[in-house]
Amino acid sequence: MIDRSPVIAPQPQVGSDHELTLTLPDGSERQVPAGTLPRDVVASIGAGLLRAAVAVQVDGEVQDLVTPLRRGGEFRVLTEKDAASLAVLRHSAAHMLATAVRRLRPRAKIGFGPAIEDGFYYDFEVEQPFTPEDLSAFEDEMRKVAQEKYSFVREEVNRADAERRFADDPLKLERLAELGDDEVISVYTDGPFVDLCRGPHVPDTSRVKHIKLMHTAAAYWRGDEHRQQLERIYGTAWFSKDELDAYLHRLEEAKRRDHRTLGKELDLFSVDQRVGPGLILWHPRGAIVRNEIETFERELILRHGYDLVYTPHITSEKLFEISGHLVNFRENMFGAMEVEGAAYRPKPMNCPGHICIYQAHQRSYRDLPLRFAEFGTVYRYERSGVLHGMLRVRGFTQDDAHVFCTPEQVDTEIERLLDLVDEMLRAFGYPYTVELSTRPDNALGAPEVWTDAEQTLARVLERRGQAYTIDAGGGAFYGPKLDFKLIDAIGRKWQGPTVQLDFNLPERFGLEYIGADNTPHRPVMLHRVLVGSMERFVGGLIEHYAGAFPLWLAPEQLRVIPITDEVRDAAAAVAARAKEAGLRVSLDDRAQTLNYRIAEAERLKTPYMAIVGKREAAAGTVALREHRLGREQKPHVMPVEELVRRLAEEVKTRALTASGTDQPAAGGD
RNA sequence: GCUGACGUAGCUCAAUUGGCAGAGCACCUGAUUUGUAAUCAGGCGGUUGCGAGUUCGAUUCUCGCCGUCAGCUCCA
């Protein structure tokens with residue numbers, strides 16, 4: 001028999017003997033006894049509000065309507081309109097998934113089922129992995145659970161009671177054993193399913209209507225790869241059908257932008273089994289994009305006082321013994337090759353090489369700061385399961401640089417780096433956020449040095465009015481860092497530039513400079529990358545621009561198309577003129593229909609097409625077609641000189657074509 | 001590396017219970033001379049990822065390896 005009775009308020013276990021003060025959003029105050037259920041408070045405000053309520057927020061903390069109030073403070077009712085409600089909905093959806101799975105697979109053991117960004121998951125221990133058919137059966141069953149409108153009933157129980165209830169669920173017992181004696185043990189029941197859970201939940205299962213189970217995956221219990229793997233089911237849940245549809249559409253959009261698909265369609269790069277997984281072959285069209293970025297960046301950093309250097313791809317592994325990489329990251333390095341009795345390795349980082357250049361001379365404080373930059377190709381062994389297109393590879397080129405300076409110069413150097421980062425990212429149209437990562441537990445060096453460095457970073461950021469968040473304990477063991485996160489055209493975050501202070505390598509290599517006092521001092525070393533890796537950055541750019549690069553980066557900037565053979569020479573002259581102006585231009589005089597040739601140029605997302613017919617040939621003009629204007633557009637007739645001027649200007653200013661406005665071709669490709 | 005799915009022409013995909021491996025696009029040839037997103041005809045193209053096994057017969061079933069995809073774990 002399914003218990004469908006309404007919620008019975010469990011007796012609160014803690015102090016119901018004192019009054020709590022709740023402050024409502026309108027400023028009014030209410031006194032209620034501790035242990036009162038929020039639903040009673042909400043009901044007293046209004047019946048309509050109770051119907052709309054998803055949960056409440058008390059003193060900043062979200063809790064559901066059936067968890068006894070234990071403290072007072074700001075009291076806000078959360079409805080479907082509040083962003084914080086989504087996590088509650090999704091957590092409840094996870095329970096409903098478990099409810100559905102348990103109905104169809106009574107022997108499935110339950111793990112955890114939290115809300116995550118964009119959805120939820122639930123882990124199960126089962127003998128047979130789930131199939132796609134299982135998934136749709138579970139989804140149907142979840143809808144039934146929603147229709148059956150079970151209340152989420154909260155009970156607070158003692159340990160013995162909880163152990164009895166989850167006697168058949170070893171994973172839950174393990175979790176239970178970890179709960180401290182002072183913690184409230186609560187369980188939530190929706191219909192036939194009961195789960196050890198802190199909450200909060202929506203009032204009943206009928207609130208969870210717009211769901212979709214996305215896929216299954218294996219996941220390690222407690223995220224520990226030495227523990228058993230569980231079957232995880234991912235799903236998403238929203239308050240309205242529109243939101244669900246919009247989310248699914250966002251996924252489609254991301255798929256449409258996938259750099260692996262576009263990389264093939266636009267002939268930018270490939271990988272070849274014979275070369276090896278995670279090793280990128282840059283095709284001519286992709287190489288143009290990369291080269292433009294490198295040229296731009298090289299010009300930029302030279303202007304910012306950097307010196308270009310080159311270091312070998314393969315070095316004696318002694319270098320990595322000194323640097324400590326061999327001890328700490330041996331598993332992630334390519335294996336050693338023996339040459340005349342000495343072991344050599346492909347470099348996993350450029351820093352040791354740059355340090356050796358620093359040490360090639362005795363350095364004076366007058367030489368500092370020294371800024372060595374290199375597009376340095378490094379090789380790291382990444383486990384096969386993590387490789388992903390251009391975004392996660394085994395060989396990549398970092399736009400790496402190391403700044404060697406005196407402690408007094410760190411301030412200004414950081415400041416200069418922030419300018420550099422800003423100039424670089426603006427060129428690609430990326431907004432960004434900044435994160436300051438501080439001292440981790442396994443940190444090297446004196447805490448005072450760390451605190452000092454962290455304060456320097458924070459001070460510079462604050463002086464510039466740059467907003468930032470702090471990732472406490474997120475620094476590398478050898479120094480604190482600034483991480484820049486890029487936000488792409490569809491709102492996704494990407495790892496961007498990083499600036500890192502290093503207390504370790506100067507020590508290990510014994511770096512020195514002679515100070516004004518004529519004694520040796522240890523310089524400070526800064527590592528920094530702007531784009532990180534050319535591979536990852538270009539992969540990200542492909543997705544950011546959906547393959548429609550701004551003109552300065554476009555592999556082919558202009559395609560000239562004569563309508564008939566009669567005007568071929570006129571078209572060739574247009575192409576020659578554009579080429580002379582430094583544009584990347586091609587002439588498509590194939591014996592194909594005009595429509596065919598336009599379709600192909602559009603498929604390649606060629607920014608501009610100059611069509612030349614009899615009228616244009618006679619007048620010295622072209623009919624210009626622009627990729628970004630989409631399918632319906634009137635050709636814009638202009639003199640050849642104006643075309644060239646306009647495009648050259650657009651390249652020179654590195655103008656950003658409206659990224660994200662690139663529409664999918666309605667037919668054809 | 002782990003779990004699961006997948007691997008057929010350059011690309012996207014077919015191939016009824018195991019029975020002659022196919023289409024569209026691309027490419028080549030010819031015709032077509034076109035006014036803004038795919039002209040017509042013909043042709044070329046395959047050790048069905050690799051290797052073994054079962055079978056009269058394997059793209060199809062089994063095993064191993066390689067690779068790809070999703071997720072987990074990892075990313076100095």
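Chain letters run A, B, ... following the sequence lines, proteins first, then strands; residues in each count from 1.
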If you check every side-chain atom of A:Ala218, which of B:rA76, B:rC11, B:rU3 has the closest atom? B:rU3

Has A:Lys264 got a side-chain N or O lying under 4.0 Å from the OP1 or OP2 atom of B:rU12? yes

For the side chain of A:Asn595 and the base of B:rU36, is some donor closer than 3.5 Å to an acceptor across the two? no

Nearest to the side chain of A:Arg383 - B:rG71, B:rU73, B:rU33? B:rU73

Side-chain contact check for A:Lys614: nearest option of B:rU73, B:rA38, B:rG35 is B:rG35

Which nucleotide sits closest to the side chain of A:Gln229: B:rC2, B:rA37, B:rA70? B:rC2

Note: for A:Gln500 and A:Pro277 on RNA chain B, the residue whose nearest nucleotide lies more 5' is A:Pro277

In whole angstrom, give me the gap between the P atoms of B:rC20 and B:rU59. 10 Å

Using the side-chain heavy atoms of A:Ile611, tell me which of these nucleotides is nearest: B:rU12, B:rG71, B:rU36. B:rU36

Is the backbone N or O of A:Gly630 less than 3.5 Å from a side-chain atom of A:Gln633, with the two atoms forming a donor-acceptor pair by type? yes

Protein N or O to nucleotides 6-9 of chain B N or O, pairs below 3.5 Å:
none

Contacts of A:Asp441 that satisfy side-chain hydrogen bond (donor to acceptor under 3.5 Å, both in side chains) - sequence neighbours left out: none

Side-chain-base donor-acceptor pair under 3.5 Å for A:Tyr220 and B:rG1: yes

Distance-only donor-acceptor test (3.5 Å): side chain A:Arg392, base B:rC75: yes

A:Arg260 side chain N/O closer than 4.0 Å to the phosphate oxygens (OP1, OP2) of B:rC69? yes

Side-chain N,O (A:Thr593) to OP1/OP2 (B:rU39) below 4.0 Å: yes

Nearest to the side chain of A:Ile563 - B:rU34, B:rA76, B:rU36? B:rU34

Check whether any side-chain N or O of A:His388 sits under 4.0 Å from OP1 or OP2 of B:rA70, and answer yes or no. yes

Return yes if the base of B:rA37 and the side-chain atoms of A:Arg625 contain a donor-acceptor N/O pair under 3.5 Å, otherwise no. yes

Salt bridge (Lys or Arg N to Asp or Glu O under 4.0 Å) pairs touching residues 391-401 of chain A, sequence neighbours excluded, are A:Glu382-A:Arg392

Compare the minimum distances between each of B:rG67, B:rA76, B:rU3 and the side chain of A:Glu231, then state the nucleotide with the smallest one. B:rU3

Under the criterion side-chain hydrogen bond (donor to acceptor under 3.5 Å, both in side chains), which of A:Glu374, A:Gln359, A:Arg371 is the partner of A:His354? A:Glu374

Closest-nucleotide mapping onto RNA chain B: is A:Thr216 or A:Gly223 further toward the 5' terminus? I mean the 5' end. A:Thr216

OP1 or OP2 of B:rA26 under 4.0 Å from side-chain N/O of A:Tyr596: yes

When you get a sec, tell me which of B:rA76, B:rA37, B:rC75 is the closest nucleotide to the side chain of A:Arg536? B:rC75

Please confirm whether A:Arg232 makes a cation-pi placement over A:Tyr121, using NZ or CZ under 6.0 Å from the six-membered ring centre and within 45° of the ring normal. yes

For a quick check, tell me whether the side chain of A:Arg380 and the base of B:rA76 share a donor-acceptor pair closer than 3.5 Å. yes

Starting at atom CD of A:Glu632, determine the distance to atom P of B:rA37, rounded to an integer number of angstrom. 8 Å

